[in-house]
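Notes for the one structure printed next.
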Amino acid sequence: DWAYKTESSPGSRQIQLWHFILELLQKEEFRHVIAWQQGEYGEFVIKDPDEVARLWGRRKCKPQMNYDKLSRALRYYYNKRILHKTKGKRFTYKFNFSKLTVVNYPLWERGSCEQPWQIWKTATVSVSQVMRKG
DNA sequence: ACCGGAAACT
DNA sequence: AGTTTCCGGT
């Protein structure tokens, strides 16, 4: 449950959207729905916006969730420097992993021999630590 | 599709 | 604080 806690509000156990996005990106079963962009570090493409919104809505118990609302939440990350939009590329966003690059570089280049859960866990911890520093 | 203000919710 | 909801504008 540590992964679902916020740095700012330790009491909150609600999962945050960018955690959820990383979680989906970590699992092969969702590669047809959302996936890392080949070559671009930290960049990902939402291949099925409706499905991502549906999954997010299910997690948060918000059945009325859709991509319009989800994308608004993503847009709030721009000022927070968690994400930014890749302009010109449809449904494409990019994580700000500039500091993570120094801390934990070959994270996304790793082979699939490692446990998905562990990779995701490592990713979330590293990102959280970076966010706390920044 | 994408943006971002405004208000409401937890 | 982190969304969710709604929406006018580009």
Side-chain angles (χ1 to χ4, degrees):
Chain A
D1 57 6
W2 53 269
Y4 299 86
K5 291 177 183 175
T6 321
E7 291 88 357
S8 52
S9 53
S12 174
R13 298 200 172 201
Q14 280 262 53
I15 184 169
Q16 296 191 221
L17 180 54
W18 64 277
H19 290 170
F20 180 75
I21 296 289
L22 282 176
E23 184 179 325
L24 291 184
L25 284 166
Q26 229 24 93
K27 298 181 179 180
E28 282 187 34
E29 52 190 295
F30 296 111
R31 274 197 191 152
H32 62 289
V33 167
I34 187 172
W36 294 112
Q37 183 84 351
Q38 182 79 11
E40 283 294 333
Y41 186 73
E43 191 172 282
F44 62 94
V45 185
I46 298 172
K47 296 177 178 177
D48 190 342
D50 293 337
E51 180 64 5
V52 172
R54 196 187 65 79
L55 291 165
W56 175 234
R58 194 181 64 177
R59 177 66 71 89
K60 287 287 291 286
C61 300
K62 297 282 182 180
Q64 309 308 313
M65 183 52 58
N66 58 35
Y67 181 68
D68 180 59
K69 295 170 186 173
L70 186 151
S71 60
R72 181 68 190 94
L74 290 180
R75 264 173 255 134
Y76 271 124
Y77 286 151
Y78 297 172
N79 284 338
K80 294 183 175 183
R81 298 182 179 182
I82 293 173
L83 281 184
H84 65 79
K85 187 74 182 69
T86 304
K87 292 171 185 174
K89 289 185 182 177
R90 219 168 175 229
F91 305 125
T92 304
Y93 300 82
K94 189 169 181 174
F95 276 99
N96 272 337
F97 282 166
S98 50
K99 292 176 183 175
L100 181 64
T101 307
V102 180
V103 177
N104 200 348
Y105 166 65
L107 190 65
W108 315 116
E109 317 298 333
R110 259 182 218 162
S112 55
C113 52
E114 204 162 344
Q115 302 269 345
W117 167 258
Q118 282 203 328
I119 297 175
W120 168 74
K121 189 176 173 182
T122 309
T124 310
V125 168
S126 302
V127 172
S128 297
Q129 287 172 345
V130 168
M131 292 299 171
R132 218 170 292 135
K133 288 176 186 174

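Throughout, a chain's letter reflects where its sequence line sits, starting with A, and its residues are numbered from 1. All figures in this text were calculated on a predicted structure; none of them were measured in a lab.
The aromatic rings of A:Trp36 and A:Phe44 lie perpendicular to each other, with more than 60° between the two planes, well past the 30° mark.
Note: A:Lys60 NZ to A:Ile15 CD1 = 9.0 Å, rounded to the nearest 0.5 Å. Note that CZ of A:Phe91 and CG of A:Asp48 are 9.0 Å apart. Values are rounded to the nearest 0.5 Å. Rounding to the nearest 0.5 angstrom, the gap separating the CG atom in A:Leu70 from the CZ atom in A:Arg72 is 12.0 Å.
An OP1 or OP2 oxygen of C:dT4 is reached within less than 4.0 angstrom by a side-chain nitrogen or oxygen of A:Trp56.
If you measure from atom CD1 of A:Ile15 to atom P of C:dG2, you get 14 Å, rounded to the nearest angstrom. In this structure, CG of A:Leu17 is placed 14 Å from C1' of C:dA1, rounded to the nearest angstrom. The interatomic distance linking A:Asn79 (CG) with C:dG2 (P) rounds to 13 Å, in whole Å.
Residue contacts for A:Lys60: at a heavy-atom cut-off of 4.0 Å it reaches the sugar-phosphate backbone alone, with no base atom in range. Nucleic acid contact class of A:Phe20 (heavy atoms, under 4.0 Å, all strands): none.
With a heavy-atom cut-off of 4.0 Å to chain A, the contacted part of DNA chain B has its first and last nucleotide at B:dA1 to B:dA7.
For the 3.5 Å distance criterion, the side chains of A:Thr92 and A:Gln37 fail to qualify, holding no donor opposite an acceptor.
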When you compare the protein's N or O atoms with those of nucleotides 5-10 of chain C, which come within less than 3.5 Å of each other, and at what distance?
residue	atom	partner	partner atom	Å
C:dT5	OP2	A:Lys69	NZ	3.3

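In the hydrophobic clustering of ILVMFWY residues, with side-chain heavy atoms under 4.5 Å counting as a link, A:Ile82 and A:Phe20 come out together.
For the pair A:Lys89 (side chain) and A:Tyr93 (backbone), a donor-acceptor distance under 3.5 Å is absent.
Scanning both residues, A:Trp56 and A:Gln16, for their nearest heavy atoms gives CH2-C, 3.9 Å.
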